[in-house]
Each structure stands twice: as structure tokens, then as C-alpha cells.
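Since we're looking at a predicted model, the values are computed, not measured. Atoms considered below: every heavy atom in the structure, side chains included; atoms not considered: hydrogens, waters and symmetry mates. Per chain, numbering begins at 1; letters A, B, ... match sequence-line order.
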2 protein chains.
Amino acid sequence: MPPPDHSNVVSITHLRQTCRSCSLRELCLPLGLDNDDMQKLEDIVHSRGPIRPGEHLFREGDSFHALYAVKTGALKTYTIDNQGREHVLGFHLGGELVGLDGIHSGHNRCNAVALQNATVCAVPFSRLEQLSREVPGLQAQILRVMSREISASAQLATEHSADERLAGFLLSLSRRFRRRGLVANLITLPMPRRDIASHLRLATETVSRLFARFQEEGLVAVRRRDVEILDLPALEKLGEALDLDGDGRSRRSPQTR
Amino acid sequence: MPPPDHSNVVSITHLRQTCRSCSLRELCLPLGLDNDDMQKLEDIVHSRGPIRPGEHLFREGDSFHALYAVKTGALKTYTIDNQGREHVLGFHLGGELVGLDGIHSGHNRCNAVALQNATVCAVPFSRLEQLSREVPGLQAQILRVMSREISASAQLATEHSADERLAGFLLSLSRRFRRRGLVANLITLPMPRRDIASHLRLATETVSRLFARFQEEGLVAVRRRDVEILDLPALEKLGEALDLDGDGRSRRSPQTR
DNA sequence: TCTGTTAATTGATCTGGATCAATTCTGGCC
DNA sequence: GGCCAGAATTGATCCAGATCAATTAACAGA
């Protein structure tokens with residue numbers, strides 16, 4: 001069942017953006033840049049918004065010309081398969097990039113739609129490529145972000161059972177909330193159960209039942225979209241903790257070699 | 001059940017490599033470079049091999065310092081979860097890169113092991129970063145390859161049922177064989193059923209039964225590791241055809257907008 | 001050629017999660 | 001407040017694929 005076609009792709013006033021004063025500069029492309037280099041980045045970036053819930057930032061098949069960094073709100077990316085079913089590929093919160101999968105083919109490979117009121121920065125890709133040649137720190141950050149995305153999808157692939165997947169999902173959100181300076185154990189889910197289910201390849205009912213079970217077992221307290229993590233270690237035991245900002249050893253016991 | 005620890009990480013004679021005479025130059029990092037630039041790439045690349053089946057190229061947790069391009073043979077990457085189960089993340093054939101997921105943390109996030117006798121080119125990452133600033137075509141190719149990896153994992157995530165996943169897997173292999181100039185409908189699987197099963201999150205027995213069913217239905221002819229694709233359209237209908245070298249529109253019917 | 005070993009197949013059974021089917025909640029709107 | 005539509009929960013049943021258990025095939029080494 002394809003989702004309702006809310007509206008066409010958003011097209012809003014383009015405003016200059018100042019990375020230097022952005023609260024997300026430590027998680028986003030500017031990470032590691034000095035003031036001068038950050039200004040060069042600002043010069044190619046445009047702010048866009050607001051995008052209303054249900055409005056699309058881009059659609060599958062559109063020609064690719066920019067990456068988008070989420071400033072506020074949240075987006076999801078999804079595809080529609082040849083049988084008309086929707087598959088949620090991922091969720092994008094403040095400081096995260098959308099559209100990386102479009103680079104190689106020159107066309108966007110998924111749809112990106114706002115879950116809440118959102119604002120984003122558009123980064124024209126050809127100018128970003130050019131600038132990243134001049135600014136090594138920027139080039140390094142782009143590669144890091146893409147590499148992290150590859151790691152993260154490998155992570156999702158290793159979680160087999162339904163409870164592992166939901167636990168891993170909650171941990172991932174928690175970590176991303178913490179990165180943004182929010183309380184890590186108080187999550188407000190920006191998406192409905194249906195989208196969580198689609199992303200984790202589960203039925204909505206299963207997600208609902210798992211939330212109930214996790215609550216019974218004292219792992220979390222759930223009320224609608226609000227989730228409080230009560231027993232982090234137990235959750236981590238279920239869905240492996242993959243700390244994508246760590247040193248790559250967090251998942252293994254100390255090695256003896 | 002963790003796999004037997006065959007041996008330590010491989011460490012073999014380092015030989016200069018000539019990308020210009022490499023038959024894989026049109027699929028690998030040199031794609032799109034002119035002769036001069038290709039020579040610059042050669043100057044930082046070392047050839048390594050042979051790596052015997054079961055020998056590791058690197059292990060999870062090792063500090064990351066190089067990407068590897070497969071020249072001959074095939075590798076798999078995998079992780080061991082906190083319950084000791086192996087999860088196969090992917091397979092790497094001639095012309096493909098291994099190790100991209102290690103960039104962001106500075107440590108390899110998975111193990112890489114040879115499935116068959118293999119030779120690889122080691123590309124020291126810091127020198128690659130540096131060179132890609134001077135050689136725009138190289139920078140572009142790295143980003144394309146990483147973007148393609150992100151797309152591919154999204155693809156795997158959208159295939160739900162067991163037959164969709166196996167069909168998608170066969171199509172992906174077929175496409176990669178064709179890229180290397182081999183016959184696209186005659187595949188020799190470089191990996192055992194167990195690894196296919198782990199990669200697709202299925203039981204070995206299920207993979208075996210699916211091969212039998214596909215054969216019954218006339219989709220393929222299977223004999224041990226040799227698979228002949230007999231009915232490509234039917235296979236594509238099952239596992240969506242995602243042509244990662246195409247224009248991004250291959251999965252959608254022509255758009256009317 | 002036989003023999004041990006691992007890979008693959010095939011069969012029988014079991015179960016986690018999907019599906020179908022009602023309710024119940026919640027927030028927006030009159 | 002009362003009413004409505006979509007979101008979420010809860011219950012009953014079903015089935016795809018896992019698991020358990022043999023059996024057969026391929027192959028390396030003696």
C-alpha cells in the first residue's frame with residue numbers, strides 16, 4: 001500500500017546559512033574545520049525550510065545535485081518496490097546527511113519526506129566536491145560520514161530477531177539524541193509505529209507488542225511516542241551496542257592477541 | 001558457533017602494482033583516470049598475495065590504515081556478535097573495494113577472509129586521501145564507490161521474503177560477473193551455502209531448498225557451486241533488479257510527472 | 001581404491017512473527 | 001463537551017522459515 005502522495009517536492013526560499021553559529025556544527029559537515037574553512041562551506045550552503053510533515057525533499061529518480069543536512073525536525077527516506085510496498089530505509093535527525101545514496105548514479109535512489117516540521121541545509125554536490133579538494137578536513141569528514149553509514153547498515157543486517165532489531169533501533173536513537181546534547185534515556189520518537197516496523201522489517205503489531213513486552217520486563221517505559229530507557233545494559237545485551245563514534249572496539253571483549 | 005581461527009593475518013611480499021595494465025581498471029579506483037593520474041595511483045598502491053582460502057586480510061578491531069581492492073579470487077567480510085554468531089556482511093569480487101567501513105573510526109569494523117586464493121591491492125588510506133585532492137577523478141570515484149555501497153545495502157534491506165533475497169543475491173552476482181566481462185548467466189559461486197545463508201539471514205537448509213525450488217520452476221539450473229540463470233525476467237520480478245551502474249530509474253516504471 | 005571429512009540435500013516438526021480482526025486510545029475540530 | 005479519523009493496542013489464527021535429524025554427495029589424502 002503506497003503512502004498518500006501528499007504534495008510535490010518542496011521548493012522554498014533559499015537563505016544563506018551560517019555554519020559557524022549552527023548548534024549542529026560539531027556533528028555535521030563542519031566537524032573539524034577551522035573558522036576560515038567553515039566560512040568557505042557556508043558560502044556554498046543554502047538553508048531551506050520549513051518543510052511540513054508529509055512534504056518531500058526529493059523523490060526517487062530525481063536527478064541528484066545536492067546533499068541535505070538536517071537542521072531541525074526529522075526526515076525519513078523510503079522506496080516503493082515493484083509491488084507497491086513502502087520500505088523505510090532510514091530516519092534522519094539533526095546534524096545528519098540525506099541523499100548520499102544518489103551520488104553514484106546521479107539520481108536520487110529513494111524518496112525523502114519530512115516526519116515533523118523540518119529545516120535542512122542544501123549542499124550542492126559539485127561545489128562540495130570542489131571545496132573538499134581545497135579543504136582536507138572537509139574531505140575527511142565526508143568520507144567519515146559515508147563510512148559510518150556503511151557501518152550502520154551492516155549493523156542493522158546483523159540483528160536477526162525482532163527484539164534484537166527493536167533494541168538496536170532504540171539504542172541507535174538514544175545515541176543520536178545524546179550526540180545532539182539531549183538526554184539520552186528520554187527519547188521522543190519522531191515517527192509512527194508503522195515506519196519503525198517498515199524500517200525493521202516487522203509488522204506494526206509486532207512493534208507494538210515488543211514495546212509492551214520491553215515495558216513489562218522493565219527495559220523501558222513507553223507512552224505513545226515517548227520512550228524512557230530504564231535498563232540500558234539489558235537493552236545493549238539484546239541489540240548490540242555499536243558506538244559509531246567510538247574506537248571500533250566497543251562490541252568486542254578486550255582482545256588478547 | 002564461531003568459525004575456526006585459521007591463521008593470523010596475512011603478511012606477504014609487497015609488490016608494485018600497475019593499474020594501467022590491470023584488467024580491472026575499468027571497475028576499480030582507476031575508473032575515469034587518464035594515464036598520468038593512473039600512474040600516480042600506482043605509486044601508492046601495493047600488490048599483495050596470494051591469500052589462501054581461510055586466511056584473513058584483516059580483523060575486526062585492527063587499526064585501519066588501508067583499503068583493499070580485490071584483483072583475483074573472492075573475499076567475504078563478517079562480524080562475530082556478542083553471542084558468538086557469525087554474520088556475513090558481504091562478498092567482494094574482482095575490482096571491488098574492501099574496508100570502507102573502517103574509515104570513520106580508524107579501526108576495521110569487520111573481519112575480511114579469503115574464500116578462494118585471492119590477490120589484492122593495498123591502498124594506504126592517508127595517501128589515497130592526499131592523492132584524491134590532486135586528482136578530482138579519483139575523488140569522484142571514491143565517492144561513487146562508497147555511495148554505491150550505501151545503495152546496495154539499502155537494497156538488501158528492502159527484500160523481505162527468502163525467495164526475494166536469494167533472487168536479489170543471484171542477480172547481484174550476475175551483474176558483477178558481467179561487469180568483469182564474464183558470462184552473466186553462468187555464475188560460479190565462490191562461497192558455500194552457509195555463507196550465502198548467513199548473508200541473507202536465512203538457514204542453510206532454506207537456501208538449499210530455495211535453489212531446488214528455483215530449479216524446479218525453471219528459473220535456474222544449479223549444480224553445486226555452478227548456477228546457470230535460465231529465466232532472468234522471472235528472477236528480476238522476484239528480487240528487484242537494482243542496476244547499480246544504471247541511471248537510477250531502472251526500478252520504476254517510466255514516471256509521468 | 002578406500003576412507004574420513006565437510007558440504008549439501010532432504011524430511012519432519014516447531015515457532016516467531018505475520019496476518020486478520022476487533023477494540024481502545026488520542027488529538028483535532030465543530 | 002461530542003464526534004471523527006488515524007494511531008496504537010490487543011487477541012486469535014496461520015504459515016514461512018528455523019530447527020532438529022538423517023542421508024547423500026564430493027573430494028582430499030593414504
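- Going from atom CG of A:Leu210 over to atom P of C:dA18 covers 9 Å, rounded to whole Å.
- Computed from coordinates, the B:Arg224 CZ to C:dT6 P distance equals 14 Å when rounded to whole Å.
- Nearest heavy-atom pair across B:Arg109 and B:Gly102 is CG-CA, 4.2 Å.
- Residue contacts for A:Arg165: at a heavy-atom cut-off of 4.0 Å it reaches no nucleic acid atom on any strand shown.
- Listed nucleotides: D:dT9, C:dG11, D:dA18. Nearest to the side chain of B:Glu205: C:dG11.
- Here C:dT10 is the nucleotide among D:dA7, D:dA18, C:dT10 with the atom lying nearest to any side-chain atom of B:Ser208.
- When side chains are defined from C-beta on, A:Leu235 counts as touching A:Val220, because their heavy atoms get closer than 4.5 Å.
- Minimum atom distance to the side chain of A:Arg209 is reached by C:dT19, of the listed C:dT19, C:dG17, C:dA8.
- A:Leu202 places its CG atom 15 Å from the P atom of D:dA8, with the value rounded to the nearest Å.
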Evaluation steps, side chain to side chain donor-acceptor pair (under 3.5 Å), between A:Ser198 and A:Arg194:
CA-CA 6 Å; A:Ser198 169; A:Arg194 180 171 34 87; over 6 Å; no

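- Residue B:Arg193 places its side chain closer to C:dA8 than to any other of C:dA8, C:dT19, C:dA7.
- A:Phe211 has its CZ atom 13 Å from the P atom of D:dT10, to the nearest Å.
- Atom CD of B:Gln215 and atom P of C:dT9 are 9 Å apart (whole Å).
- Of the candidates D:dG17, D:dA8, C:dA18, D:dA8 carries the atom nearest the A:Arg225 side chain, counting heavy atoms from C-beta on.
- Taking only side-chain atoms of B:Ala162, from C-beta outward, the nucleotide of C:dA7, D:dG17, D:dT19 with the closest atom is D:dG17.
- One atom, CD of A:Gln116, and another, C1' of D:dA7, lie 16 Å apart when rounded to the nearest Å.
- Taking the side chain of B:Pro192 as heavy atoms from C-beta on, and the options D:dA26, C:dG17, C:dA7, the nearest nucleotide is C:dA7.
- Judged by the 6.0 Å and 45° rule, A:Arg180 forms a cation-pi pair with A:Phe177.
- Remark on DNA chain C: of its neighbouring residues A:Arg223 and A:Arg201, the 5'-side contact belongs to A:Arg201, judged by nearest-heavy-atom nucleotide.
- Heavy atoms of A:Thr204 sit nowhere under 4.0 angstrom from any nucleic acid atom.
- Counting to the nearest Å, the P atom of C:dT9 and the CZ atom of B:Phe214 are 13 Å from each other.
- To the nearest angstrom, P of C:dG16 lies 17 Å from CG of A:Leu166.
- Not one N or O on the side chain of A:His92 forms a donor-acceptor pair closer than 3.5 Å with the backbone of A:Val70.
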